[in-house]
K.L.:
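First, the structure itself, so that you have it in front of you.
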Amino acid sequence: MEERKNLDERQKMTDLERLRHSAAHVLAAAIAQLWPDAQFAAGPPVEDGFYYDVDLKHRISPEDFPAIEAEMKKLIKANQVFEKVIVTRDQALADAKAGRLAALGNREVPSKFKLDIIEGIPADEPVSYFKTGEFIDLCAGPHVMRTGNVGAFKVTSVASAYYKGDEKNSQLQRIYGTAFKNKTQMDEYFTMLEEAKKRDHRKIGAEMGLYVMDTEYVGPGLPLWLPKGTVIVEELEKLAKETEFAAGYVRVKTPHLAKEKMYKTSGHLPYYAESMFPPMDLSEDRGSSQEAIQHIDDVAKSDLDFTKRLLAIRKIVEIEGKTDATALKELFHSFDEKVSVGKKLIEDERHGNTERYYLKAMNCPHHHRIFAAEPHSYRDLPLRLAEYGTCYRYEQSGELFGLMRVRSLNMNDAHIYCTPEQFASEFNAVNEMYLKYFKIFGLEKYQMRFSTSAPEGLGKKYVDEPALWKQTEDMVRQVLIDSKINFVEVANEAAFYGPKIDVQVWSAIGREFTIATNQVDFAVPKRFGLTYRDKDNTEKTPLCIHRAPLGTHERFIGFLIEHYAGNFPLWLAPEQVRVLTIGDEAAVVDYANGITNELRAQQVRVVADCGTNNIKGKIQSAEVAKVHTMLVIGGRDLEAGNVSVRLHGKGNIGAKPKAEAIANILQAIASRQG
RNA sequence: GCCGGCAUAGCUCAAUUGGCAGAGCAUCUGAUUUGUAAUCAGAAGGUUAUCGGUUCAAGUCCGAUUGCCGGCUCCA
């Protein structure tokens with residue numbers, strides 16, 4: 001559920017947010033005009049505009065937008081004043097019951113969501129309305145002065161959302177719109193959207209042949225990297241490996257799955273099981289499990305009242321492997337006799353000869369076992385284990401999104417085991433590495449989101465180690481402050497094992513992406529009993545830093561596609577150079593092939609186009625394929641020992657001696673520039 | 001997973017009230033011998049996502065399934 005903003009925070013709204021918030025009221029008033037029985041929930045400004053959640057029998061569709069916009073236009077033209085009215089709590093409750101809130105007049109049914117919201121307003125906060133004409137809405141403000149201040153607006157889409165974001169609550173229609181001071185700014189916004197659409201990684205990825213989703217044979221969210229996409233994958237790996245090698249990392253390789261014991265020990269199962277693929281059961285003797293299920297089925301049949309709960313247990317036994325005795329007691333206490341048999345079977349199963357394997361959703365436990373494989377002295381630390389590890393996460397079907405949200409992912413992962421004394425410099429070095437990468441990719445805008453725990457989550461969402469939480473959070477905060485890195489702190493979003501930093505970057509067209517992560521782990525190494533021998537000859541548990549500066553191949557490349565609009569710099573370009581001949585005279589073709597071979601011998605990704613097509617056609621196809629550098633070769637070039645260089649999107653830059661052109665290409669690739 | 005929308009050739013899109021599935025690009029064949037963003041001609045390409053239903057007749061109407069898209073919740 002979204003945190004409720006207090007009045008101080010509300011006053012901090014920017015002018016644009018205020019305008020959009022007001023536009024949301026105008027939208028609600030327009031909808032109330034068209035459908036008087038509409039029940040409104042909340043209508044805040046959001047990043048690109050605003051929305052209002054409404055409960056309405058009529059399904060609003062894009063076909064309704066013109067009518068809604070027309071109503072809004074009338075209200076804006078009327079230039080109604082946003083009039084703030086402070087009311088007593090009783091008055092507000094009475095009005096809500098009379099259906100008067102978020103409405104044009106009294107109604108037969110109460111304004112149910114507003115009623116609920118009033119009840120949630122803290123006692124020390126005043127209750128206020130905003131009135132525009134006959135439309136009265138419960139609202140703390142702030143607003144613009146008049147509806148006429150909403151200069152330009154558009155209703156953009158409709159989607160569904162749960163009341164207060166909780167799936168247990170009723171489902172509402174969320175009407176999205178956007179608003180700006182004037183039409184010029186709104187046009188700029190829509191131009192940006194158009195640009196984003198053109199740069200959509202799914203579109204460009206398909207056009208350039210970078211990856212495909214074979215949902216029929218492989219599965220949704222499981223991308224296949226085509227040869228051209230694999231080039232990018234491997235160039236990024238090369239960059240990461242070089243950078244990590246220089247920073248003192250060592251590389252390891254681990255399998256894609258592990259026994260259940262791994263994730264029971266790590267503590268991931270209770271926190272993370274939902275996000276993992278269901279386990280593979282390799283038990284030699286599955287009898288007990290089958291028997292338990294059979295028994296439970298029989299019990300279920302024997303008493304319909306309990307069917308539902310029994311099926312829930314059956315599911316737990318069958319899938320989750322959770323056989324919590326307390327939960328069983330609670331559910332079955334009135335069923336002692338029947339249940340005792342089932343319980344016994346389940347216990348047998350738990351202690352039985354089970355072999356359950358999970359596809360790994362993260363690499364850390366494997367790395368922990370590598371740490372555990374050999375004894376360590378404080379002299380070995382920090383130990384930095386790096387791996388481009390393939391993980392599998394069972395993302396909900398509705399979450400999958402091109403390369404940005406997938407079920408198989410390759411993480412630029414590493415785990416740094418260090419002493420508390422080493423922590424600050426190690427953590428800082430990781431942050432420095434991020435900045436280094438940002439420079440290479442030309443990312444000017446970034447922000448680190450520092451996520452901390454919340455006291456009420458200890459023992460539930462987070463491991464119950466209050467002292468360690470405080471200690472590590474303080475350490476991280478200090479590093480961030482000392483290094484003057486741009487960061488914001490958000491409470492209650494940490495990983496279960498420690499505070500974390502998510503790195504947000506903005507692409508060339510200003511869209512935000514969460515790319516990388518950097519997490520502190522003071523809990524899991526302890527659970528695996530990892531230790532090193534310290535100077536004082538005692539065994540101590542190391543701290544662990546999880547870090548993934550390039551996130552996953554999948555998301556990072558998705559981001560890069562948009563960032564570069566598919567026009568990759570030379571070092572990343574799937575096809576770096578294409579040699580184009582003018583005609584197919586043998587001498588010209590020989591010269592072209594010679595250049596092609598020379599480049600290929602230097603590891604340059606080069607293709608020769610020596611066919612009989614005319615040069616315009618060859619250039620057209622090279623440009624469409626976003627080939628970075630085109631070397632055009634005709635009789636003139638052959639005679640002079642030149643090549644004519646043409647750069648994608650930049651046009652012809654003229655003839656150059658062959659050796660010079662090749663040297664320039666090699667230099668640009670080696671320096672990862674251009 | 002939930003709500004809503006969508007699904008026609010490799011890609012982008014056509015197909016009148018239900019009445020013979022079609023075009024451009026890409027592909028293949030041949031011709032064209034060309035100086036910086038598309039040379040010409042021909043061929044091939046389809047159980048209209050899948051399964052079921054209504055109908056004399058279904059790409060078109062109805063139902064289910066799968067996938068994708070926009071959101072919600074979640075997240076690298």
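All chains are named by letter (A, B, ...) in the order of the sequence lines, taking the proteins before the strands, and each is independently numbered beginning at 1.
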K.L.:
Contact between A:Phe65 and A:Lys154 at the side-chain level, heavy atoms closer than 4.5 Å - yes or no?
P.N.:
no

K.L.:
What interatomic distance, in whole Å, is found between P of B:C61 and the corresponding atom of B:G18?
P.N.:
8 Å

K.L.:
Is a donor-acceptor pair below 3.5 Å formed from side chain A:Glu216 to base B:U66, judging by atom type as modelled?
P.N.:
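No pair found.
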
K.L.:
With respect to the side chain of A:Asp637, which nucleotide from B:G70, B:G35, B:G1 is positioned closest?
P.N.:
B:G35

K.L.:
Less than 3.5 Å between a donor and an acceptor, one on the side chain of A:Glu623 and one on the base of B:A38, is that the case here?
P.N.:
no

K.L.:
Given the C1' atoms of B:A15 and B:C20, what is the spacing between them in whole Å?
P.N.:
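It works out to 12 Å between them.
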
K.L.:
Ring centroids only, cut at 6.0 angstrom: are A:Tyr176 and A:Tyr51 within range, meaning strictly under it?
P.N.:
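A:Tyr176 vs A:Tyr51: aromatic centres under 6.0 Å.
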
K.L.:
Please pick, from B:C72, B:U73, B:G67, the nucleotide with the shortest atom-to-atom distance to any side-chain atom of A:Gln396.
P.N.:
B:U73

K.L.:
So what's the dot-bracket for RNA chain B: Watson-Crick or G-U pairs under 3.5 Å, [ ] if a pair crosses, | if it pairs off-strand?
P.N.:
(((((((..((((.....[..)))).(((((.......))))).....(((((..]....))))))))))))....

K.L.:
On the side chain of A:Asn614, is there an atom forming a donor-acceptor pair with the base of B:U39 - under 3.5 Å, no angle test?
P.N.:
no

K.L.:
Need one value for A:Ile515: base, sugar-phosphate or nothing, where a base atom within 4.0 Å counts as base even if backbone is also close, heavy atoms only.
P.N.:
sugar-phosphate

K.L.:
Ring centroid separation for A:Phe556 and A:Phe441, is it under 6.0 angstrom?
P.N.:
yes

K.L.:
Using the C1' atom on both, measure B:C28 against B:A44 and round to a whole Å.
P.N.:
7 Å

K.L.:
Less than 4.5 Å apart, side chain to side chain, heavy atoms only: is that true for A:Val524 and A:His368?
P.N.:
yes

K.L.:
Pick the P atom in B:G70 and in B:A57, then give their distance to the nearest Å.
P.N.:
40 Å

K.L.:
Picking from B:A76, B:G1, B:C68, which would you name as closest to the side chain of A:Ser397?
P.N.:
B:G1

K.L.:
Do A:Arg393 side-chain and B:C74 base share a donor-acceptor contact under 3.5 Å?
P.N.:
no

K.L.:
Is there a side-chain contact between A:Phe513 and A:Glu562, using heavy atoms and a 4.5 Å cut-off?
P.N.:
yes

K.L.:
Do the side chain of A:Arg405 and the base of B:C74 come within less than 3.5 angstrom through a donor-acceptor pair of N or O atoms?
P.N.:
yes

K.L.:
Can the positive tip of A:Arg407 be found less than 6.0 Å from the middle of the six-membered ring of A:Tyr394, inside 45° of the ring normal?
P.N.:
yes

